[in-house]
Amino acid sequence: MSDDRAERIAEFIEPLRVAPGSTVRLERDFDPREKAGLKKRKAADLLRTGVELLAEYQSRLAAQDTYGVLLCLQALDAGGKDGTIRHVMSGVNPQGVRVSSFKVPSSEELDHDYLWRYAGRLPARGEIAIFNRSHYEEVLVVRVHTENLVRQKLPDSARGSGVWKRRYREINDWERYLVDNGFKVVKIFLNLSKEEQRARFLKRIDLPEKNWKFSAADVRERRHWAEYQRAFSKMLSATSTEWAPWYVVPADRKWFARLCTAAILAHTLMDIDPQYPQMPEAARKELLVAKRGLEREAPTGMPADPYAARHPSGRDARTSGRRAGKKKRG
Ligand code: AMP
Ligand code: MG
């Protein structure tokens with residue numbers, strides 16, 4: 001990593017990272033209202049810079065075609081997952097990104113092992129995959145509402161009292177396998193306060209164009225707030241690993257959550273530091289032969305190489321043998 005942007009980003013996100021092996025208690029350890037002394041306007045500038053950075057790195061990731069990135073986003077209802085994805089990924093080439101949302105599993109999905117549906121949505125090399133909800137639902141909603149576990153048709157031996165511990169281990173092992181094979185795994189929990197959730201629900205009810213985002217089930221889930229906080233705390237404690245860390249992002253201020261998410265993703269990409277492939281010398285010579293052929297085809301009055309003519313000091317211009325006069329255009 002050559003530039004000091006990387007260092008500044010690493011410093012910015014460090015307080016959000018859950019240290020592997022630590023015991024998290026959400027309400028005690030993380031403040032949903034935190035904003036690191038930033039103001040909204042300044043954050044908007046920083047986010048714009050971050051989005052540009054992401055675009056640059058994503059392009060290199062795709063060109064190198066060696067590593068992939070999996071970003072898992074978890075949050076309670078109204079935590080801001082959709083808006084965060086929309087803003088953070090606004091500058092990247094859609095061909096290099098795939099977003100998957102996970103809902104209540106279908107009967108086909110329930111007929112398989114619990115990681116099956118997530119495995120089918122992993123990134124290819126060169127891609128960034130975003131999980132809007134993820135395999136972590138298997139130790140969150142399934143833990144809070146254990147009737148979900150019953151629906152999974154597990155053999156008796158797989159649903160005993162040790163099931164959650166075992167799932168943590170299986171998830172850690174699965175992620176390690178992915179990381180060992182070139183797929184970076186990064187996990188973000190958008191940490192919303194109960195009061196901010198209440199406010200956002202009310203806004204969804206008050207504004208007709210937001211009604212579709214709200215369902216009565218959301219209010220029922222809210223009654224399990226404390227159980228979810230416990231399930232999140234246990235999950236964060238057990239599955240933040242050296243190879244696939246969790247970040248707890250303060251989510252009461254959407255602009256801050258978006259900035260943090262962009263920074264975490266940028267950090268992940270800068271750590272990979274993907275490079276554009278270098279042409280081998282022989283292939284480069286072949287290109288120059290093709291170039292000369294194309295230059296000979298120039299109609300009279302046209303520059304031999306229009307690009308080189310327009311960029312006389314550019315890299316490509318230097319390889320140009322002949323250069324016809326630049327023709328002025330309107
Ligand atoms: P939404 O993200 O608002 O569209 O809601 C998706 C719903 O699917 C949420 O209520 C989740 O709790 C639920 N869900 C996601 N994954 C699972 C799962 N593995 N088992 C049961 N419910 C799930
Ligand atoms: Mg919902």
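Values below: every heavy atom of this structure, side chains too, minus hydrogens, waters and symmetry copies. Atoms within a ligand are numbered from 1 in the order they appear, just like the ligands themselves. Given the structure is predicted, the values throughout are model-derived calculations rather than measurements.
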Please step through side-chain contact (heavy atoms from CB on, under 4.5 Å) for the pair V179 and K184, ending with a clear verdict. CA-CA 5 Å; V179 172; K184 286 258 180 187; 5.7 Å; no
Determine whether K35 and D252 satisfy the following criterion, salt bridge (charged side-chain N to carboxylate O under 4.0 Å, His left out), listing intermediate values before the conclusion. CA-CA 9 Å; K35 54 178 174 132; D252 275 15; over 6 Å; no
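For Y228, no nitrogen or oxygen atom sits less than 3.5 Å from a nitrogen or oxygen atom of ligand 1, counting backbone and side chain alike. Below 3.5 Å of separation, one finds no N or O of N148 facing any N or O of ligand 1. Taking only nitrogen or oxygen atoms, main chain and side chain alike, K103 reaches within less than 3.5 Å of ligand 1. Considering backbone and side-chain N/O of K81, none are found under 3.5 Å from N/O of ligand 1.
Counting heavy atoms closer than 4.0 Å to ligand 1, residue H145 contributes nothing at all. By the criterion of a heavy-atom distance under 4.0 Å, the side chain of E138, and not its backbone, is placed next to ligand 1. With a 4.0 Å cut-off on non-hydrogen atoms, P105 touches ligand 1 through its side chain and not its backbone.
Residue nearest to atom 13 (C) of ligand 1, selected from D82, N132, V104, V139: V104 (by heavy-atom distance).
Below 4.0 Å from some heavy atom of R117 lie the following atoms of ligand 1, by number and element: 16 (N), 17 (C), 18 (C), 19 (N). Set against the non-hydrogen atoms of V142, the atoms of ligand 1 under 4.0 Å away are 20 (N). Per-residue contacts place F102 under 4.0 angstrom from the following atoms of ligand 1 (heavy atoms of the residue considered): 15 (C). Applying the 4.0 Å criterion to heavy atoms of Y118 picks out, from ligand 1, the atoms 19 (N).
With a 4.5 Å cut-off between side-chain heavy atoms of Ile, Leu, Val, Met, Phe, Trp and Tyr, the cluster of I205 takes in F201, F214, V219.
Within the 6.0 Å centre-distance limit, the rings of W174 and H135 are counted as a close aromatic pair.
No more than 12 heavy atoms of other residues, nucleotides or ligands sit less than 6.0 Å from atom CD of Q95.
R167 forms a cation-pi arrangement with Y114, by the criterion of a distance under 6.0 Å to the ring centre and an angle within 45° of the ring axis.
At distances below 3.5 Å, at least one donor-acceptor pair connects side-chain atoms of T268 with backbone N or O atoms of I264.
R222 and Q197 share a donor-acceptor pair across their side chains, judged by distance under 3.5 Å alone.
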